[in-house]
Amino acid sequence: MFKKVDHIAIAVRNLDEALQLYNKLFGARPSKIETIPQQGVKAALLPMGQGSEIELLEPIDPQSGVAKFIESRGEGIHHICLEVGDVDRELTTLAAKGVQLIDKQGRPGLAGKVGFLHPKSTKGVLIELAQKL
Ligand code: ZN
C-alpha cells in the first residue's frame with residue numbers, strides 16, 4: 001500500500017555547498033547525513049514539513065549511478081521516493097505487473113528498507129520505494 005511521497009532526491013556535486021544553499025534559501029537543516037558506500041554516495045535528508053523531505057546526494061565514487069547521472073545530465077532531480085507499508089510485497093506485485101526492477105528485494109537505505117524501480121518502466125523517472133523501519 002502506498003502512503004505518500006516520502007522524499008525527492010537531488011543529485012549534487014558538493015553536499016556541503018548544497019546544504020548551505022538549502023539552509024540559506026529555506027532554513028532547512030539535515031535530520032540525517034550518512035555515507036552509503038554500497039551506493040557510492042554521501043546523502044543528507046532535509047525535513048521540509050508535513051513528513052516530506054528533500055534528499056541531497058553527492059557521489060563519492062566516480063563509478064556510482066549518481067556520479068554517472070551528474071556526468072550525463074548535470075545536477076538535478078535524481079529520484080522520487082514513495083513510502084510503502086511493505087517494500088518486498090510491493091516489489092513482488094510490481095514485478096508481476098511487468099515492471100523492470102533494479103532491486104528484486106528491499107535493502108537498507110537512508111529512508112529505511114528501500115527498493116528501486118527502473119526508469120524504463122516508469123516514464124523515465126527513477127522511483128524508490130521505502131518502508132520505514
Ligand atoms: Zn531516496
Side-chain angles (χ1 to χ4, degrees):
M1 192 187 73
F2 289 87
K3 297 185 171 179
K4 65 173 174 43
V5 174
D6 182 73
H7 65 265
I8 293 170
I10 301 170
V12 301
R13 288 195 170 87
N14 182 312
L15 184 62
D16 291 333
E17 189 221 335
L19 283 170
Q20 277 177 28
L21 178 71
Y22 276 73
N23 181 259
K24 194 171 110 188
L25 298 182
F26 309 122
R29 289 177 197 284
S31 60
K32 236 188 215 181
I33 299 178
E34 257 176 53
T35 299
I36 309 165
Q38 310 92 291
Q39 289 176 42
V41 295
K42 198 167 139 193
L45 282 176
L46 298 172
M48 301 301 287
Q50 301 294 324
S52 296
E53 294 179 306
I54 288 179
E55 181 178 66
L56 299 173
L57 299 170
E58 176 195 323
I60 52 168
D61 172 359
Q63 295 308 309
S64 68
V66 175
K68 288 175 183 162
F69 177 92
I70 291 177
E71 211 173 280
S72 65
R73 301 201 211 178
E75 295 179 305
I77 292 181
H78 180 262
H79 65 266
I80 292 175
C81 177
L82 305 175
E83 186 185 348
V84 297
D86 183 331
V87 74
D88 289 329
R89 192 172 57 205
E90 295 303 338
L91 289 171
T92 304
T93 304
L94 288 164
K97 290 178 183 173
V99 173
Q100 204 177 321
L101 304 177
I102 292 172
D103 299 299
K104 295 204 168 24
Q105 280 196 321
R107 57 184 163 89
L110 196 62
K113 186 175 175 185
V114 306
F116 284 88
L117 315 183
H118 199 285
K120 274 183 193 162
S121 294
T122 49
K123 299 289 181 194
V125 177
L126 179 61
I127 293 184
E128 176 182 27
L129 305 182
Q131 173 185 346
K132 298 294 170 182
L133 297 171

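Whatever order the structure lists ligands and atoms in, that order sets their numbers, starting from 1.
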A.B. asks: Looking at Glu17, is its backbone amide N or carbonyl O close enough to the side chain of Asn14 to form a donor-acceptor pair, meaning the two atoms are under 3.5 Å apart?
C.D. replies: yes

A.B. asks: Give a yes or no answer on whether the side chain of Ser121 reaches the backbone of Gln100 with a donor-acceptor pair at less than 3.5 Å.
C.D. replies: yes

A.B. asks: About how many Å separate NZ of Lys4 and SG of Cys81, when rounded to the nearest 0.5 Å?
C.D. replies: 8.5 Å

A.B. asks: Test His7 against Glu83 for side-chain hydrogen bond (donor to acceptor under 3.5 Å, both in side chains), laying out the working first.
C.D. replies: CA-CA 9 Å; His7 65 265; Glu83 186 185 348; over 6 Å; no

A.B. asks: Checking Ile60 against Thr35 for the side-chain contact (heavy atoms from CB on, under 4.5 Å) test, could you report, in this order, the C-alpha distance in whole Å, the side-chain angles of both residues, the deciding distance, and whether it holds?
C.D. replies: CA-CA 9 Å; Ile60 52 168; Thr35 299; 3.5 Å; yes

A.B. asks: Hydrogens and angles aside, do Glu55 and His78 bring a side-chain donor and acceptor to less than 3.5 Å of each other?
C.D. replies: no

A.B. asks: Pull up every protein N/O/S atom sitting under 2.8 Å from the Zn ion (ligand 1), skipping waters.
C.D. replies: His7 NE2, Glu55 OE1, His79 NE2, Glu128 OE1

